[in-house]
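First listed ligand is number 1; within each ligand, the first listed atom is number 1.
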Amino acid sequence: MSWFITFEGPEGAGKTTQCHALATRLRDQGYDCLVTREPGGTPLGEAIREWLLGRNTLRAETEALLFTAARAEHAWERIRPALARGTIVLCDRYVDSTLAYQGAGRGLDERWLRELHRVATGDLWPDLTVLLDVPVELGLARRRAAGETLTRLDSELTSFHERVRAWYHTAAQREPTRWRVIDATKAPETVAEAVWVAVAEFLEQRKRTGR
Ligand code: TYD
């Protein structure tokens, strides 16, 4: 059995660290595991990433199409084959980022974005999505403190990032079987433990029900 698990959240929530920490724990338990990210995950995806995160001026529609184009390659060339081999796929951001950033953030129609996703990926959705939740100001302050270069999206107004975070909260409430919300303001080890508890419970439940 294989599962597709995604990490989502506002800027500076620690998704990348937590994705790798979870992979280590899953491997320790004997699971085969692929860690990947978006935008990226394939050579074309990484090239598109450069464009999207660089200082280019893009229309919102173009931005959504590029994120989705990268995702089409990623879904068909890496994620689906890994799932077919029985590998657990952990992905740092996926379609919910498009719905949150290009939908709620930029104001594009969510139904159009969902339709694009359906066509681009054959409607591949995660089995489980971990929302690492931090207040916008704290996440952005972490980014600055770490001395990271701010991307084009990081540099959006606070109100943009507030809309993104609010969308995540609504999505998690709307679909509680897929989403797990974790308080990511805590120390990384505490967050890793909470993620592990949530994922281990999910895996147990899926094994019990045979899905
Ligand atoms: P990244 O440096 O990977 O940031 P993070 O560590 O927060 O994931 O940059 C990814 C950026 O791209 C981030 O600001 C969110 C944004 N993004 C979208 O706007 N739409 C998308 O579909 C995806 C996958 C990411």
State, without any angle test, whether [X] and [Y] hold a side-chain donor-acceptor pair at a distance under 3.5 Å.
| X | Y | result |
| --- | --- | --- |
| Ser2 | Thr87 | no |
| Arg163 | Tyr101 | no |
| Glu110 | Trp167 | yes |

Next on the checklist: Please identify which of these residues, Ile182, Val181, Val191, meets the side-chain contact (heavy atoms from CB on, under 4.5 Å) condition with Val130.
Outcome noted: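 Of all the options given, the one that passes is Ile182.
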Which residue supplies the protein heavy atom nearest to [atom], what is that atom called, and how far is it?
| atom | value |
| --- | --- |
| atom 9 (O) of ligand 1 | Leu53 CD1, 3.6 Å |
| atom 20 (N) of ligand 1 | Gln102 OE1, 2.8 Å |
| atom 7 (O) of ligand 1 | Arg93 NH2, 2.9 Å |
| atom 14 (O) of ligand 1 | Glu11 OE2, 2.7 Å |
| atom 3 (O) of ligand 1 | Arg49 NH2, 3.0 Å |
| atom 25 (C) of ligand 1 | Phe67 CE2, 3.4 Å |
| atom 6 (O) of ligand 1 | Arg143 NH2, 2.7 Å |

Item to complete: Closest by any non-hydrogen atom to atom 22 (O) of ligand 1: pick that one out of Thr98, Asp154, Leu150.
Response: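 Ranked by closest heavy atom to atom 22 (O) of ligand 1, first place is Thr98.
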For this session: For residues Asp127 and Arg178, determine if any side-chain heavy atom of one lies less than 4.5 Å from a side-chain heavy atom of the other.
Result: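 Contact flag for Asp127/Arg178 side chains = no.
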Exercise. Check each heavy atom of Arg37 against ligand 1 and say whether those closer than 4.0 Å belong to the side chain, the backbone, both or neither.
Key: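 The answer is neither.
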Is there any N or O on [X] that sits under 3.5 Å from an N or O of ligand 1?
| X | answer |
| --- | --- |
| Asp92 | no |
| Glu63 | no |
| Thr16 | no |

Which of the atoms in ligand 1, numbered in the order shown and given with their element, are less than 4.0 Å from a heavy-atom of [X]?
| X | answer |
| --- | --- |
| Leu153 | 12 (O), 14 (O), 16 (C), 19 (O) |
| Lys15 | 5 (P), 7 (O), 8 (O) |
| Ser97 | 20 (N), 21 (C), 22 (O), 23 (C), 24 (C), 25 (C) |

Atom pairs and distances, donor-acceptor, side-chain atoms in residues 63-72, under 3.5 Å, two or more places apart:
residue	atom	partner	partner atom	Å
Glu63	OE1	Arg106	NE	3.4
Glu63	OE1	Arg106	NH2	2.9
Glu63	OE1	Arg152	NH1	3.1
Glu63	OE1	Arg152	NH2	3.0
Glu63	OE2	Gln102	NE2	2.6
Glu63	OE2	Arg106	NE	2.9
Thr68	OG1	Ala64	O	2.7
Arg71	NE	Glu38	OE1	2.6
Arg71	NH1	Thr98	OG1	2.8
Arg71	NH2	Glu38	OE1	2.9
Arg71	NH2	Tyr94	O	3.4
Arg71	NH2	Thr98	OG1	3.1

| request: Under the side chain to side chain contact (heavy atoms under 4.5 Å, CB included) rule, what do Asp133 and His169 come out as? Steps first, then yes or no, please. | output: CA-CA 9 Å; Asp133 187 41; His169 284 179; 3.1 Å; yes
Report task. Would you mind checking if Asp183 and Lys186 are paired as a salt bridge, meaning a charged N to carboxylate O distance below 4.0 Å? Result ->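 Looking at Lys186 and Asp183, the cut-off is met.
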With a cutoff of 4.0 Å, is Arg71 in contact with ligand 1, counting heavy atoms of the residue only?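 Flag set, Arg71 near ligand 1.
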